[in-house]
Amino acid sequence: MKVAVLGFAVACLLVSGSAFASEELAKKNCMVCHQLDKVGLGPSFQDVSKKYAADKDGEAKIMAVVKNGSKGVTGEGKVMAPMANVNEADAKSIAAWVLSLSAAKK
Ligand code: HEC
């Protein structure tokens with residue numbers, strides 16, 4: 001019984017694929033401060049998505065913010081520290097997921 005339940009869970013994970021994994025990464029690493037559709041400590045990911053979706057370097061720019069942090073862009077005194085615990089591959093997958101938020105709305 002337990003094995004069957006576990007097998008089902010693994011199958012779900014495989015089927016839902018990488019968008020799900022990216023969202024989980026974002027939840028774990030970013031969504032303490034960022035919310036999907038509301039301004040929290042940081043701007044909402046939907047706003048971030050809209051801002052960078054039109055930019056061909058959008059993904060790289062989001063990755064750069066994750067790596068280097070950001071200061072004063074969205075308001076005076078707003079600071080995001082560099083996220084040293086997020087590796088490049090994870091940053092890329094999160095950035096692609098953030099960009100997909102506004103692409104889905106079009
Ligand atoms: C400790 C809180 C915190 C965490 C954790 C955090 N951020 Fe931020 N983030 C902020 C704040 C505050 C700002 C606004 C900085 C500014 O105005 O310059 C920001 C800004 C940004 C921006 C720039 C928005 C713009 O308009 O240029 C991006 C992109 C971003 N965050 C992505 C992420 C991603 C992706 C993660 C997870 C890997 C993450 N953030 C984790 C607080 C956080």
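Order of appearance sets the numbers: ligands from 1, and atoms from 1 within every ligand.
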Which residue and non-hydrogen atom of the protein lie closest to [atom], and at what distance in Å?
atom                    : result
atom 28 (C) of ligand 1 : V65 CG1, 3.5 Å
atom 14 (C) of ligand 1 : T74 OG1, 3.3 Å
atom 10 (C) of ligand 1 : M80 CB, 3.3 Å
atom 25 (C) of ligand 1 : K51 NZ, 3.2 Å
atom 37 (C) of ligand 1 : C30 SG, 1.9 Å
atom 29 (C) of ligand 1 : V48 CG1, 3.6 Å

Have a look at C33, A95, S70 and point out the one with the heavy atom closest to atom 2 (C) of ligand 1.
->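 Minimum heavy-atom distance to atom 2 (C) of ligand 1 goes to C33.
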Where the closest heavy atom to atom 20 (C) of ligand 1 is concerned, which of K50, K78, K61, H34 has it?
->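 Nearest heavy atom to atom 20 (C) of ligand 1 lies in H34.
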As an exercise, state the distance from [atom1] of [X] to [atom2] of [Y], rounded to the nearest 0.5 Å.
X   : Y   : atom1 : atom2 : value
K78 : L41 : NZ    : CG    : 5.5 Å
L36 : E23 : CG    : CD    : 7.5 Å
C33 : M83 : SG    : CE    : 7.5 Å
N87 : L25 : CG    : CG    : 8.5 Å

Atom indices of ligand 1 within 4.0 angstrom of [X] heavy atoms, with elements:
X   : value
Y52 : 25 (C), 27 (O)
L41 : 12 (C)
V66 : 34 (C), 35 (C), 38 (C)
I94 : 35 (C)
N29 : 5 (C), 37 (C), 41 (C)
K71 : 18 (O)
G72 : 16 (C), 17 (O), 18 (O)

Should the proximity of V32 to ligand 1, defined as any heavy atom under 4.0 Å, be assigned to the side chain, the backbone, both, or neither?
-> neither
Pick one of side chain, backbone, both or neither for how P43 approaches ligand 1, counting any non-hydrogen atom pair under 4.0 Å.
-> side chain
N-O pairing of K28 and E24 below 4.0 Å =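 So K28 does not pair with E24 through a salt bridge.
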Identify all side-chain donor-acceptor contacts of residues 57-77 below 3.5 Å with residues at least two apart in sequence or on another chain.
| from | atom 1 | to | atom 2 | distance (Å) |
| --- | --- | --- | --- | --- |
| E59 | OE2 | K92 | NZ | 2.8 |
| K61 | NZ | D55 | OD2 | 2.6 |
| N68 | ND2 | A64 | O | 3.3 |

Closest non-hydrogen atom pair, S44 against K38 = CB-O, 3.3 Å
Side chains of S22 and I94: closer than 4.5 Å at any heavy-atom pair?
-> no
Are the side chains of H34 and P43 in touch, meaning some heavy atoms are under 4.5 Å apart?
->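 Yes, their side chains come closer than 4.5 Å.
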Close N or O approach (V98, ligand 1; < 3.5 Å) = no
State if V79 counts as touching ligand 1 under the rule of any non-hydrogen atom under 4.0 Å.
->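 Per 4.0 Å heavy-atom rule, V79 contacts ligand 1.
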Is the W97 ring parallel, tilted or perpendicular to the F45 ring (thresholds 30°, 60°)?
->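 If you compare the ring of W97 with that of F45, the planes turn out perpendicular.
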